[in-house]
Amino acid sequence: MSIEVLAPGLATTVQDDGRVGLRHLGIGSAGALDLYSHAVANLLAGNAADAATLEVALSGPRLRFRKPARIALCGAEIDAEVDGTAIPGWRPVQLPAGSTLVLGRCRKGARAYLAVAGGLALPDTLGSASTDLRGGFGGVHGRALAAGDVLELGAEGVPAVERLSIAPWWIDGTPDLDLSVPSRIRVLAGGDATAPVDALFTGRWRVAAASNRQGLRLEGDALALADMHERISEPVAPGTVQLPPDGCPIVLLADAQTHGGYPRIGHAIRADRPRLAQLRPGDVLRFAPCTPAEAHAAACAQRQRLTRIALAIDSRRGADA
Amino acid sequence: MTGFTIERLGEEALLLRLGERIDDDTNRRVHALAAVIDARRPPWLCDIVPAYASLALFVDDDRSDPDDDPLQHAERWLQAQDLAAAGDRDPGHQPPLEIPVRYGGEHGPDLEAVAAHADITAEEVIALHTAGDYRVAMLGFAPGFPYLLGLDPRLAMPRMDTPRARIPAGSVAIGGAQTGIYPRESPGGWRILGRTPLVLFDPARPAPALLEPGRRVRFVAATDDEAA
């Protein structure tokens with residue numbers, strides 16, 4: 001049971017929920033940037049929410065399925081075809097053996113997640129199948145997919161289907177995933193204040209082309225710090241908003257380094273990171289201030305919605321069977 | 001006495017700050033505090049990440065109780081601990097790890113430049129570099145990259161204006177007042193003195209990083225034969 005990579009797409013990587021507890025060794029978390037879409041795709045395919053998926057960035061791969069498969073695509077709105085038939089996202093799709101799935105451009109949003117029933121069978125590296133691009137390990141040889149790669153699937157086979165079968169029901173990703181722009185991202189206070197203190201929130205920010213899985217680089221009216229003293233390297237985390245000397249903030253994402261010397265002017269909250277992950281170069285966003293209690297409540301609410309989605313998918317699958 | 005301030009690092013971590021400067025005493029206290037916290041490690045504490053003068057405690061935030069903010073919980077736990085004596089401990093109880101280095105030549109293309117900058121001979125650079133008693137202040141930049149404190153100040157040299165595109169794995173280098181070792185081939189702007197055959201980082205090993213934070217290190221000059 002395997003998938004053949006006919007064309008790799010722009011930057012397609014294997015990701016799961018990432019690594020925990022290794023930042024003291026300089027090892028970042030990696031993992032899906034949009035953990036929400038990643039989880040829903042897995043649930044729709046019949047996997048555990050944290051199984052490994054393919055994270056497709058901006059432009060997708062061409063894949064051949066040697067055996068029948070059940071797949072689901074969530075996250076960005078992406079052109080997707082199975083042997084010439086367009087398939088929609090956010091629902092289970094059954095493929096007959098020998099199908100070719102062509103993922104084109106992301107029309108809205110930046111990252112789509114492809115889950116396949118049974119999960120991608122990849123060796124666990126330091127507790128995760130996620131690709132660590134900076135460290136060069138995990139996923140498929142520590143790199144993005146390349147033409148000719150073969151991805152093995154987990155043991156679970158799915159019933160053979162004669163023809164492509166698209167479920168008539170789907171999951172609505174809102175409010176956790178809202179692909180409309182300008183996006184609104186809530187931010188907790190960081191250790192360093194800007195001058196004026198609300199400058200991050202009054203400005204409009206545009207995502208720069210140099211953004212990647214390490215961080216979103218933003219362009220806009222340069223920010224200044226309230227206190228210009230020199231800083232030494234301290235631990236940082238995904239979500240940390242750094243302010244380099246050029247005054248343009250960088251929002252760290254899952255591939256962030258473990259330490260950084262730039263001032264930290266805020267932290268994007270977890271519940272809004274799926275939206276952050278979907279921002280494309282040129283997209284506009286605004287930041288809104290947030291308290292720790294609001295951030296925690298938002299994270300809990302998102303987790304509860306995911307739990308309800310899991311239950312709904314389970315009962316729907318029971319009814320379909 | 002280990003005095004520190006507590007700041008939130010987003011929703012995931014508390015940042016304990018022991019100082020604002022890079023110096024050996026502060027960093028020694030960071031690792032002593034890390035060791036004491038590690039010895040009492042509660043199950044929700046998933047990572048203890050030291051830096052030069054600070055320590056991040058990453059907590060498991062996978063809780064669903066909206067009334068129980070995990071960082072508040074962590075802060076209460078921290079305040080209930082008696083950490084007053086933590087700074088008096090010496091965390092470097094293990095003997096220093098010896099790191100063989102082939103200095104100069106193709107292994108250390110910047111050895112002569114460091115010597116010229118310090119106005120001493122290349123042999124004196126090697127003598128000073130191998131005489132040092134270093135501590136892994138933190139691992140960062142790349143998986144397993146150790147930032148070592150303890151460089152003789154005479155060897156300090158600013159980074160290159162234009163970083164090299166490709167520095168071989170195992171390169172032992174100087175960046176400002178620090179010395180470090182590149183675990184993997186990568187771009188970098190530090191001045192390369194030599195190269196070690198030791199593998200600093202291997203994700204397939206049970207302990208992927210050769211050097212843990214706080215570990216003491218010495219460099220030993222090796223000939224090509226010895227280090228092979």
Side-chain angles (χ1 to χ4, degrees), chain A residues 17 19-29 123 125-126 132 134-138 142 187-192 229-241 252 257-261 264 266-271 273 290 292-293 295-304 306-307, chain B residues 5 7-13 15 17 19-22 34 38 45-58 60-72 137-147 183-186 201-205 207-209 211-214:
Chain A
D17 283 17
R19 298 184 174 81
V20 177
L22 296 168
R23 303 188 77 82
H24 66 288
L25 300 181
I27 302 170
S29 55
T125 307
L126 300 172
D132 184 317
R134 287 190 324 122
F137 59 89
V187 168
L188 294 161
D192 295 290
H229 77 273
E230 203 163 304
R231 286 152 183 88
I232 60 174
S233 268
E234 290 187 335
V236 294
T240 298
V241 185
L252 298 181
Q257 66 279 20
T258 56
H259 296 73
R264 294 184 308 268
H267 295 272
I269 72 168
R270 283 172 66 89
R273 279 187 229 154
C290 182
H296 183 59
C300 289
Q302 187 169 87
R303 212 167 283 140
Q304 283 161 7
L306 264 179
T307 305
Chain B
T5 58
E7 187 182 294
R8 279 173 176 245
L9 190 63
E11 289 151 274
E12 275 125 306
L15 184 69
R17 190 178 288 117
E20 302 274 350
R21 294 210 331 263
I22 300 178
D38 188 35
L45 181 54
C46 50
D47 209 351
I48 302 173
V49 186
Y52 293 118
S54 59
L55 188 63
L57 305 181
F58 280 76
D60 176 7
D61 52 7
D62 239 19
R63 294 163 179 240
S64 306
D65 181 356
D67 297 324
D68 183 18
D69 177 350
L71 285 189
Q72 242 169 40
M138 62 183 201
L139 297 174
F141 170 66
F145 184 103
Y147 288 87
R184 180 172 184 239
E185 184 182 301
S186 62
F201 182 75
D202 178 355
R205 284 193 305 224
L211 301 173
E212 298 252 329

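To find a chain, count down the sequence lines: A is the first, B the second, and so on, and within it residues start at 1.
- Looking at A/Pro292 and B/Leu71, their side chains never come closer than 4.5 Å, going by heavy atoms from C-beta outward.
- Counting heavy-atom pairs closer than 4.5 Å to chain A, the top-ranked of the candidates B/Met138, B/Glu11, B/Arg8 is B/Glu11.
- For a residue to count as touching a neighbouring chain, one of its non-hydrogen atoms must lie under 4.5 Å from one of that chain's; by this rule A/His24 touches chain B with backbone and side chain alike.
- Chain B forms more heavy-atom pairs under 4.5 Å with one residue of A/Gly136, A/Gly142, A/Pro123 than with any other, namely A/Gly136.
- Of the two parts of B/Glu20, the backbone and the side chain both hold a non-hydrogen atom closer than 4.5 Å to a non-hydrogen atom of chain A.
- Under the ring pair (Phe, Tyr, Trp, His ring centres under 6.0 Å) criterion, B/Tyr147 pairs with B/Phe145, B/Trp190, sequence neighbours left out.
- Every residue meeting the side-chain hydrogen bond (donor to acceptor under 3.5 Å, both in side chains) condition with B/Glu12, not counting sequence neighbours, appears here in chain and number order: A/Arg273.
- When all heavy atoms of A/Arg134 and B/Phe141 are compared, the closest pair comes out as NH1-O, 2.7 Å.
- Of the two parts of A/Leu25, the backbone and the side chain both hold a non-hydrogen atom closer than 4.5 Å to a non-hydrogen atom of chain B.
- B/Ala53 approaches A/Ile232 most closely through the heavy-atom pair CB-CD1, 3.8 Å.
- At a 4.5 Å heavy-atom cutoff, the contact between B/Tyr52 and chain A is made by backbone and side-chain atoms alike.
- With chain B as the partner, the residue from A/Thr240, A/Asp132, A/Ile269, A/Val20 showing the most heavy-atom pairs under 4.5 Å is A/Ile269.
- Contacts between B/Arg17 and chain A at a heavy-atom distance below 4.5 Å involve the side chain alone, from C-beta outward.
- Contacts with chain A were tallied for B/Arg184, B/Glu7, B/Gln72; B/Arg184 has the most, counting heavy-atom pairs under 4.5 Å.
- Here the closest non-hydrogen pair linking A/Gly21 and B/Asp47 is C-OD2, 3.1 Å.
- Residue A/Val236 touches chain B through its backbone alone, counting heavy-atom pairs closer than 4.5 Å.
- Heavy atoms closer than 4.5 Å to chain A are found in the backbone of B/Ile48, but not in its side chain.
- The nearest pair of heavy atoms linking B/Pro70 to A/His296 is CD-CE1, 3.3 Å.
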Test side chain to side chain contact (heavy atoms under 4.5 Å, CB included) on A/Arg264 and B/Leu15 and set out the steps. CA-CA 12 Å; A/Arg264 294 184 308 268; B/Leu15 184 69; 3.1 Å; yes

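- When the shell of 6.0 Å around CZ of B/Arg21 is examined, it contains 12 or fewer heavy atoms from other residues, nucleotides or ligands.
- Across all their heavy atoms, B/Val49 and A/Pro235 have their closest contact at O-CG, 3.5 Å.
- With respect to chain A, the highest number of heavy-atom pairs below 4.5 Å among B/Pro50, B/Pro203, B/Ala56 belongs to B/Pro203.
- With a 4.5 angstrom heavy-atom cutoff, A/Ala268 touches chain B only via backbone atoms.
- With a 4.5 Å cut-off on non-hydrogen atoms, B/Ala13 does not touch chain A at all.
- Closest approach of A/Ile27 and B/Pro143 over heavy atoms only: CG1-CB, 3.8 Å.
- Each of A/Ala237, A/Gly239, A/Gly260, A/Ser233 has some count of heavy-atom pairs under 4.5 Å with chain B, and the biggest count is that of A/Ser233.
- A/Arg23 contributes atom CZ, which lies 10.0 Å from atom SG of B/Cys46 (distance to the nearest 0.5 angstrom).
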